[in-house]
Amino acid sequence: MAAISRTVAVPPGVGLHARPAALFVKAAAGFSASIRLRLGEKEVDGKSILGVMQLGATGGTTIEIVADGQDAEVAVTTLAALVASFAEG
């Protein structure tokens with residue numbers, strides 16, 4: 001099965017640090033697919049809180065969510081919506 005990916009903008013003023021990173025990792029852990037995040041040349045494990053925080057995705061940047069596995073499509077759709085929702089909270 002081929003990897004599924006989607007590009008998503010991190011909402012301005014948010015960034016994937018502390019609370020948003022923890023929410024992302026918790027959601028990612030619910031999928032059996034492997035989850036990777038890419039920002040430029042950096043790529044990290046989307047199920048690792050340290051990895052997500054080290055990515056340095058600040059508000060206004062664009063990241064790529066990549067999933068590979070049985071539930072990859074649902075994972076990418078769910079996680080992209082989660083990142084977009086950070087602007088609301």
Side-chain angles (χ1 to χ4, degrees):
M1 176 175 270
I4 305 291
S5 68
R6 180 167 302 158
T7 302
V8 62
V10 178
V14 179
L16 286 182
H17 52 78
R19 184 179 160 275
L23 292 171
F24 185 94
V25 169
K26 183 177 180 180
F31 297 101
S32 63
S34 67
I35 311 290
R36 309 286 300 167
L37 291 177
R38 292 184 187 145
L39 175 61
E41 296 296 313
K42 290 183 186 178
E43 182 173 319
V44 299
D45 180 356
K47 295 183 180 182
S48 163
I49 186 73
L50 290 176
V52 173
M53 291 177 67
Q54 288 176 344
L55 189 63
T58 58
T61 59
T62 301
I63 61 171
E64 184 179 11
I65 302 169
V66 182
D68 192 7
Q70 184 175 353
D71 54 358
E73 192 165 335
V74 173
V76 168
T77 300
T78 302
L79 294 170
L82 177 65
V83 171
S85 77
F86 292 151
E88 301 165 7

Tell me, do [X] and [Y] make a side-chain contact under 4.5 Å, heavy atoms counted?
| X | Y | result |
| --- | --- | --- |
| Val10 | Thr62 | no |
| Ile35 | Val66 | no |
| Thr77 | Arg6 | yes |
| Val83 | Pro20 | no |

Which atom of [X] lies closest to which atom of [Y], heavy atoms considered:
| X | Y | value |
| --- | --- | --- |
| Ile49 | Ala18 | CD1-O, 4.4 Å |
| Ala57 | Ile63 | CB-CG2, 3.8 Å |
| Val76 | Ala67 | CG2-CB, 3.5 Å |
| Ile4 | Ala72 | CG1-CB, 3.9 Å |

### Query
Do other residues, nucleotides or ligands put more than 12 heavy atoms under 6.0 Å from the CD atom of Glu43?
yes
### Query
Looking at Val74, Ile65, Leu37, which hits side-chain contact (heavy atoms from CB on, under 4.5 Å) with Leu79?
Ile65
#### Entry: side chain to side chain donor-acceptor pair (under 3.5 Å) partners for Ser32, two or more places apart
Asp71
### Query
Mind checking what makes side chain to side chain donor-acceptor pair (under 3.5 Å) contact with Glu64, not counting sequence neighbours?
Ser5, Arg38
### Task
Starting at CZ of Arg19, measure out to CZ of Phe86 and round the result to the nearest 0.5 Å.
7.5 Å
### Query
According to the salt bridge (charged side-chain N to carboxylate O under 4.0 Å, His left out) rule, which pairs have a member within residues 45-58, sequence neighbours left out?
none
